[in-house]
Protein chains: 2
Amino acid sequence: MATAESDRPGFLLPLLLLAGFRTLIDDLHAELARQGHPELRPLHGFVLQAVGSDGTTATELGQRLGISKQAAGKTVDRLVALGYLDRADDPRDARRKLVRMTPRGLDGLRRSAVVFDQLRQRWADTLGPERVAAIEDDLRAVTPANWFRLDVPGWFGG
Amino acid sequence: MATAESDRPGFLLPLLLLAGFRTLIDDLHAELARQGHPELRPLHGFVLQAVGSDGTTATELGQRLGISKQAAGKTVDRLVALGYLDRADDPRDARRKLVRMTPRGLDGLRRSAVVFDQLRQRWADTLGPERVAAIEDDLRAVTPANWFRLDVPGWFGG
DNA sequence: ACTATTTGGTCAACCACGTTGACGATCCTA
DNA sequence: TAGGATCGTCAACGTGGTTGACCAAATAGT
């Protein structure tokens, strides 16, 4: 039974959306730690996703993530130190440094995708697949398109 | 027309939830800035909410927000500096410092609530009220209960 | 071909928001 | 009254952002 409209102050909606997001992220994080990636921070999966199997540069990564090239560079530094990414010179442009995924990075990304799929399935088991799909459709309808294309200003927070 | 299940990789769901959250928060933020509260950071509204009209202490605030008392203290520092909160000695316990909302803080909190209600209404205009309610019901069902009671570890992120 | 501009990466300083550890001061309890 | 718990704060640190400055390399314009 749905609660009456008057019982739903507006501040609950953002809180629930945040709760949903963080629940998924925390579960992912815990599962990745169990699967041999304890150093992978929650947002790193999205960074790996943004790097992609073709690799990128720090500047381009920054644009995709909607953050400055300096911030992207620092994030790359950390993931390089953790062994998830590496840097290589671009033979065709001596200014550019290609950022590519290492095998470990690829493993982390693949596992992230698998776990996310499992978590979504768990929601579907609880709510029914059509309601999960409805949430996705609805959120797509009320959020700017660039959000789910990953080129959004500040999607990291901050 | 809903997209087929196979078209919905799991990583889209958290992204859409985050997009929904940040869209609301950004819109709130922009509107609050327009209404005379440009310094209010997106999360400050939740802090004011947690302080409440009765006031609290830093330690208790930390428990409500699921962060350390030190972090809560620093957040209070900032909001005091901005004129949204003030501190007073507790006459019955010299260790405690009562954190209370100033008139400006109360104004910010009230406006936040109004704007959030308006934003929720805007979603209802687009999606239909029953689908917004369904999103809320569904998210309640798949997230731990403490989330929407505001006493959750690390709901700030980080 | 040689300047002038743009672009890519990095350094430095800074800020917001969190963490842990330590430590007085105060309160409560045995 | 001694011992322990609690409150606030200080300090050091980590992470994830920001701006500004700057050099080197590529590109565009004359």
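With D:dA11, C:dG8, C:dA12 as the candidates, the nucleotide lying closest to the side chain of B:Q70 is D:dA11. Distances were taken from every side-chain heavy atom of B:T59 (C-beta onward) to each of D:dG20, C:dA25, D:dG8; the shortest belongs to D:dG8.
Straight-line distance from the CG atom of B:L65 to the C1' atom of C:dT19: 15 Å, rounded to whole Å. The CZ atom of A:R96 sits 12 Å away from the C1' atom of C:dG9 (whole-angstrom rounding). Rounded to a whole Å, the CG atom of B:D77 is 15 Å from the P atom of C:dC15. Rounded to an integer number of Å, the gap from NZ of B:K69 to C1' of D:dA11 is 14 Å. Atom CG in A:D93 sits about 8 Å away from atom P in C:dG9, given to the nearest Å. Separating the CZ atom of B:R22 from the C1' atom of D:dG16 is a distance of 12 Å, rounded to the nearest angstrom. Across the protein-nucleic acid pair, A:K97 atom NZ and C:dT10 atom C1' stand 8 Å apart, rounded to whole Å. Across the protein-nucleic acid pair, B:R41 atom CZ and D:dG16 atom C1' stand 12 Å apart, rounded to whole Å.
With A:T75 as the partner, the side chain to side chain contact (heavy atoms under 4.5 Å, CB included) test is satisfied by one option alone out of A:L65, A:V47, A:V80: A:V47.
Base engagement by A:S68 is indicated by at least one non-hydrogen atom pair under 4.0 Å involving a base atom. Residue contacts shown for A:A71 include a base, since a base heavy atom lies under 4.0 Å away.
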Problem set entry | side-chain contact (heavy atoms from CB on, under 4.5 Å) evaluation trace for B:T57 with B:L61 | CA-CA 6 Å; B:T57 64; B:L61 182 62; over 6 Å; no
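Inter-residue side-chain proximity for A:D90 and A:R95 is flagged as unmet; no heavy-atom pair is nearer than 4.5 Å. The shortest side-chain heavy-atom distance between A:R100 and A:V51 does not fall under the 4.5 Å cut-off.
For C:dC11, neither phosphate oxygen OP1 nor OP2 lies less than 4.0 angstrom from any side-chain nitrogen or oxygen of A:K74. Not one side-chain nitrogen or oxygen of B:R87 sits closer than 4.0 Å to the OP1 or OP2 atom of D:dC7.
Nearest approach of B:H37 to B:D107, heavy atoms of both residues: NE2-OD2, 2.7 Å.
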